[in-house]
Colleague: 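Dropping a structure here in structure tokens format, bear with me for questions.
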Amino acid sequence: MKWTEEAEEAVKKVPFFVRKRVRERVEKEASEAGKSIVTIAEVKATQQRYLSGMASEIKGYQLDTCFGPGGCPNRAYGGDDLLKRIEMLLKEEDLLGFLEKNVKGDLKFHHEFRITFSDCPNACSQPQIKDIGIIGAVLPAITDEKCSLCEACVGSCTEGAVSIDKEKEVPVINFDLCLKCGKCIKACPTETIVSGKNGFRILLGGKLGRHPRLARELGCILNDDAAFEIVKACINLYKNKSTGGKRFAEIFDEADFNEFEARFCKNALL
Ligand code: SF4
Ligand code: SF4
Ligand code: SF4
């Protein structure tokens with residue numbers, strides 16, 4: 001749906017953690033009213049209704065994605081199936097019921113458990129400040145196809161993770177530097193570098209607010225099933241340890257991180 005410039009500017013002023021929802025709601029309400037263009041009047045009316053009825057909008061969790069599923073060309077690996085499984089899990093876990101029992105007073109958006117997907121390391125959906133951040137990853141693999149020594153792969157990698165072994169005439173990937181974005185794969189004209197395994201980087205325990213902290217990343221890449229299991233384990237831990245509306249980042253300590261890393265990284269893809 002088209003937005004006027006004034007309407008776009010107005011929605012940018014809405015707090016970022018509700019902006020996406022407000023935007024979706026504005027479009028839904030405008031479309032129900034038979035409008036094809038969103039103007040400032042639609043934004044103001046929806047914003048007012050939305051913010052005054054915040055408590056009824058709270059569902060106990062927030063699950064969102066970057067624009068990868070909409071066709072972003074940078075997408076390394078999309079977690080569409082995993083996203084659906086996690087959404088079902090979040091509903092089954094009844095986080096809203098959990099919060100209602102644990103939080104005194106009105107529930108607010110900041111109480112909700114947050115999970116986000118980014119489909120490449122550009123991390124547009126801010127996985128570093130969510131309870132669980134999931135970043136799609138593709139592992140480049142070297143095949144027997146003859147390398148033309150064009151060095152397109154070297155030029156495509158902003159991490160300096162690709163080099164060419166001139167003697168053996170093969171590309172070499174330094175996985176300590178590689179962010180698993182897949183750009184070298186797309187750049188290679190000879191299929192000497194191709195997609196290997198796909199999986200997810202996992203970041204745990206990020207938040208903003210009065211005591212912000214960045215999520216810590218597990219030192220491994222997990223497949224879909226292992227990523228699902230770690231989300232399950234995080235929700236269990238949160239429900240066991242969180243009281244009074246404490247965020248996951250506040251209850252997830254060093255020992256938990258180490259235990260999760262030992263448990264989930266032992267059978268990781270990388
Ligand atoms: S995180 Fe990557 S795939 Fe997702 S919208 Fe940003 S650039 Fe595109
Ligand atoms: S996947 Fe991305 S970060 Fe890794 S080597 Fe290729 S271009 Fe570099
Ligand atoms: S691996 Fe592919 S992109 Fe890299 S130098 Fe060889 S042919 Fe070129």
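Read the numbers this way: they start at 1 and go in the same order the structure lists the ligands and their atoms. Counting begins at 1 with the first residue of the sequence. These numbers come from a predicted model, not from an experiment.
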Colleague: Counting from 1, what ligand 3 atoms have a heavy atom of T192 closer than 4.0 Å?
Modeller: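 It comes down to these atoms of ligand 3: 1 (S).
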
Colleague: In ligand 1, which numbered atoms sit nearer than 4.0 Å to a non-hydrogen atom of R75?
Modeller: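 That gives atoms 3 (S) of ligand 1.
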
Colleague: Which atoms of ligand 3 sit under 4.0 Å from any heavy atom of I193?
Modeller: 1 (S)

Colleague: Quick one: which ligand 3 atoms are inside 4.0 Å of a heavy atom on E151?
Modeller: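 Under 4.0 Å from E151, ligand 3 has these atoms: 5 (S), 8 (Fe).
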
Colleague: Check this for me: does any side-chain nitrogen of one of K28 and E24 sit under 4.0 Å from a carboxylate oxygen of the other?
Modeller: no

Colleague: Does the pair D225/R85 count as a salt bridge with the N-to-O cut at 4.0 Å?
Modeller: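 The answer is yes: the pair qualifies as a salt bridge.
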
Colleague: State plainly whether the residues K12 and E8 are in salt-bridge range, i.e. N to O under 4.0 Å.
Modeller: no

Colleague: Which is closest to atom 2 (Fe) of ligand 3 in terms of heavy atoms, C188, G155, C153, A187?
Modeller: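 Among C188, G155, C153, A187, the closest heavy atom to atom 2 (Fe) of ligand 3 comes from C188.
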
Colleague: Measure the shortest side-chain to side-chain distance between D119 and T65 over non-hydrogen atoms and say whether it is less than 4.5 angstrom.
Modeller: no

Colleague: May I ask you to check whether F252 and F260 place their ring centres under 6.0 Å from each other?
Modeller: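 Yes, ring centres under 6.0 Å apart.
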
Colleague: Atoms of ligand 2 less than 4.0 Å from E159 heavy atoms?
Modeller: 3 (S)

Colleague: Using a 4.0 Å cut-off to any heavy atom of V162, which atoms of ligand 2 qualify?
Modeller: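 Those atoms are 5 (S).
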
Colleague: Quick one: do K84 and E87 make a salt bridge, cutoff under 4.0 Å?
Modeller: no

Colleague: Do F98 and F113 have their ring centres less than 6.0 Å from each other?
Modeller: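 Distance test on ring centres: not under 6.0 Å, no.
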
Colleague: Please determine if D94 and K59 form a salt bridge, counting it only when a charged side-chain N lies under 4.0 Å from a carboxylate O.
Modeller: no

Colleague: Can T116 and D64 be counted as having a side-chain donor-acceptor contact under 3.5 angstrom?
Modeller: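 Short answer, yes.
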
Colleague: What is the closest protein heavy atom to atom 3 (S) of ligand 2, and at what distance does it sit?
Modeller: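 The protein heavy atom lying closest is L179 N, 3.2 Å.
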
Colleague: To check your reading of the model: name the closest protein heavy atom to atom 7 (S) of ligand 2, its residue, and the distance in Å.
Modeller: C184 N, 3.4 Å

Colleague: Give the intermediate values and the outcome of disulfide (SG to SG under 2.5 Å) for residues C265 and C220.
Modeller: CA-CA 6 Å; C265 286; C220 58; 2.0 Å; yes

Colleague: Looking only at protein heavy atoms, which one is nearest to atom 1 (S) of ligand 2, and what is the separation?
Modeller: G182 N, 3.2 Å

Colleague: I'd like to check which ligand 3 atoms, numbered from 1 as shown, lie under 4.0 Å from a non-hydrogen atom of S148.
Modeller: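 With S148 as reference, the close atoms of ligand 3 come out as 6 (Fe), 7 (S), 8 (Fe).
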
Colleague: Check whether V11 and I40 end up in the same hydrophobic cluster, where Ile, Leu, Val, Met, Phe, Trp and Tyr are linked by side-chain heavy atoms less than 4.5 Å apart.
Modeller: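 No; I40 is not reachable from V11 via cluster members.
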
Colleague: From atom 6 (Fe) of ligand 1 out to just under 2.8 Å, does an N/O/S atom of C124 turn up?
Modeller: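 Yes.
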
Colleague: Show me which atoms of ligand 1 lie under 4.0 Å from any heavy atom of N74.
Modeller: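 Near N74, meaning under 4.0 Å from one of its heavy atoms, ligand 1 has 7 (S).
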
Colleague: Less than 4.5 Å apart, side chain to side chain, heavy atoms only: is that true for Q126 and R114?
Modeller: no

Colleague: Please identify which atoms of ligand 3 are closer than 4.0 Å to at least one heavy atom of P189.
Modeller: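 Once the distances to P189 are compared, the set is 2 (Fe), 3 (S).
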
Colleague: What protein heavy atom lies closest to atom 5 (S) of ligand 1? Include the residue and the distance to one decimal.
Modeller: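 Going atom by atom, the protein heavy atom closest to atom 5 (S) of ligand 1 ends up being F67 N, 3.4 Å.
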
Colleague: Pull out every atom of ligand 3 sitting under 4.0 Å from any heavy atom of T190, numbered as shown with elements.
Modeller: 2 (Fe), 7 (S)

Colleague: Can you list the atoms of ligand 3 that are under 4.0 Å from a heavy atom of P171?
Modeller: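 Those atoms are 1 (S).
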
Colleague: Give the residue and atom name of whichever protein heavy atom lies nearest to atom 6 (Fe) of ligand 3, and the separation in Å to one decimal.
Modeller: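 Nearest neighbour among protein heavy atoms for atom 6 (Fe) of ligand 3, to 0.1 Å: C147 SG, 2.3 Å.
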
Colleague: On a heavy-atom basis, which atom in G245 and which in H111 lie closest, and how many Å separate them?
Modeller: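 Distance-wise, the nearest heavy atoms are O-CD2, 4.0 Å.
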
Colleague: So, K266 and E261, do they make that salt bridge, N to O below 4.0 Å?
Modeller: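 No, this pair does not count.
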
Colleague: Which atoms from ligand 1 have a heavy atom of A123 less than 4.0 Å away?
Modeller: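 Matching atoms, with element in brackets: 1 (S).
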
Colleague: Give me the nearest non-hydrogen protein atom to atom 8 (Fe) of ligand 2 as residue plus atom name, then the distance to 0.1 Å.
Modeller: C157 SG, 2.3 Å

Colleague: Which of the numbered atoms in ligand 2 are below 4.0 angstrom from a heavy atom of A161?
Modeller: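 Once the distances to A161 are compared, the set is 5 (S).
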
Colleague: May I ask you to list the atoms of ligand 3 that are less than 4.0 angstrom from any heavy atom of I164?
Modeller: 5 (S)

Colleague: Checking a contact table here: which protein heavy atom is nearest atom 4 (Fe) of ligand 2, and how many Å away?
Modeller: C178 SG, 2.3 Å

